[in-house]
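Following: one structure in structure tokens, then a few remarks.
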Amino acid sequence: MYSSTEEPGLVASKGVPTFKDLLSLLCAAHTLWGLSDARRIIDAGIAEVDRFGSPSNIAVVDAGGSLVAHMRMDGARLGSIEHSIDKAHTSVLFRSATGDLTRDSEPGGRFWGMALSGLGRVLVFAGGVPLRAGGEVVGAVGTSGGSRRQDTAVAEAAAAAL
């Protein structure tokens, strides 16, 4: 057992991070961006939606998959609210665009049945894209309301705003 008074750094030069190191990494991942960034991400998504006119829902989650911000455009389907949130949640959990997971989740695919996991929150429809900073996944954006191609374009444009 390591004492809580140890200095941050590797424990006894064994390459084992201390609790403080792990806590610092976790906090850094959750604080690289905040609500103002989430609003900018959503605004970029709205600008892309305006190009094709299909009202959408746009959700932004943090590195743990927890909702930071959500917006439902006027006229967007109510059923798409949960879809946008779950697409973002799935994208951050699997560190991948949700559209890229579709083929592998079909019968015979390496992730067959994955959509039944995660308490029903795993959604492999296109429209979820990870948010990356410094090469690390720090969150995700999920969109729902258009076609597969439209949701992907909105999510990608929104993610580019980070």
Side-chain angles (χ1 to χ4, degrees), residues 23-162:
L23 184 59
S24 175
L25 288 171
L26 180 63
C27 290
H30 286 278
T31 58
L32 287 174
W33 56 279
L35 183 58
S36 63
D37 298 305
R39 287 179 176 170
R40 188 174 68 251
I41 291 164
I42 288 172
D43 287 343
I46 292 170
E48 185 66 17
V49 167
D50 287 344
R51 289 185 51 240
F52 54 82
S54 182
S56 297
N57 285 273
I58 303 172
V60 179
V61 299
D62 64 17
S66 296
L67 187 64
V68 175
H70 176 268
M71 184 277 319
R72 182 174 73 89
M73 295 177 73
D74 292 342
R77 294 182 191 120
L78 293 175
S80 293
I81 294 171
E82 291 302 318
H83 284 174
S84 64
I85 295 168
D86 290 347
K87 288 178 185 183
H89 180 80
T90 301
S91 183
V92 80
L93 288 180
F94 290 92
R95 305 172 107 59
S96 176
T98 53
D100 294 344
L101 299 169
T102 304
R103 181 172 300 241
D104 284 336
S105 67
E106 293 174 350
R110 65 183 179 148
F111 297 135
W112 166 239
M114 75 184 278
L116 301 175
S117 66
L119 301 174
R121 294 197 61 199
V122 174
L123 197 59
V124 295
F125 303 147
V129 174
L131 297 172
R132 298 184 189 276
E136 296 295 320
V137 173
V138 296
V141 60
T143 63
S144 186
S147 68
R148 173 185 175 88
R149 187 171 25 234
Q150 289 169 336
D151 284 354
T152 298
V154 172
E156 289 173 348
L162 181 63

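If you read the sequence from its start, that first residue is 1, and numbering goes on from there. What you are looking at is a predicted structure, and each value in this text was computed from that prediction instead of being measured.
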Side chain to side chain donor-acceptor pair (under 3.5 Å) pairs touching residues 42-55, sequence neighbours excluded, are Glu48-Arg51
Of all the heavy-atom pairs spanning [X] and [Y], show the shortest one and how long it is.
| X | Y | result |
| --- | --- | --- |
| Arg148 | Gly99 | NH2-O, 3.5 Å |
| Val137 | Ala63 | O-CB, 4.2 Å |
| Arg72 | Arg77 | CD-O, 4.3 Å |
| Ala155 | Gly127 | CB-O, 3.4 Å |
| Ala88 | Val141 | CB-C, 3.7 Å |
| Thr90 | Val122 | OG1-CA, 3.2 Å |

Distance (rounded to the nearest 0.5 Å) between [X] [atom1] and [Y] [atom2]:
| X | Y | atom1 | atom2 | answer |
| --- | --- | --- | --- | --- |
| Phe52 | Ser147 | CZ | OG | 7.0 Å |
| Leu93 | Asp86 | CG | CG | 10.0 Å |
| Ile41 | Ile46 | CD1 | CD1 | 12.5 Å |
| Gln150 | Thr152 | CD | OG1 | 10.0 Å |
| Ile85 | Ser80 | CD1 | OG | 11.0 Å |
| Glu82 | Asn57 | CD | CG | 9.5 Å |

Partner of Phe94 under side chain to side chain contact (heavy atoms under 4.5 Å, CB included), picked from Asp100, Val124, Leu101, is Leu101
Side chain to side chain contact (heavy atoms under 4.5 Å, CB included) with Ile42: of Ile58, Thr143, Asp37, only one passes, and it is Ile58
In short, salt bridge (Lys or Arg N to Asp or Glu O under 4.0 Å) pairs touching residues 151-162 with sequence neighbours left out are Lys87-Asp151
Next on the checklist: So does Ser91 get a backbone contact from the side chain of Ser96, meaning a donor-acceptor N/O pair under 3.5 Å?
Outcome noted: no
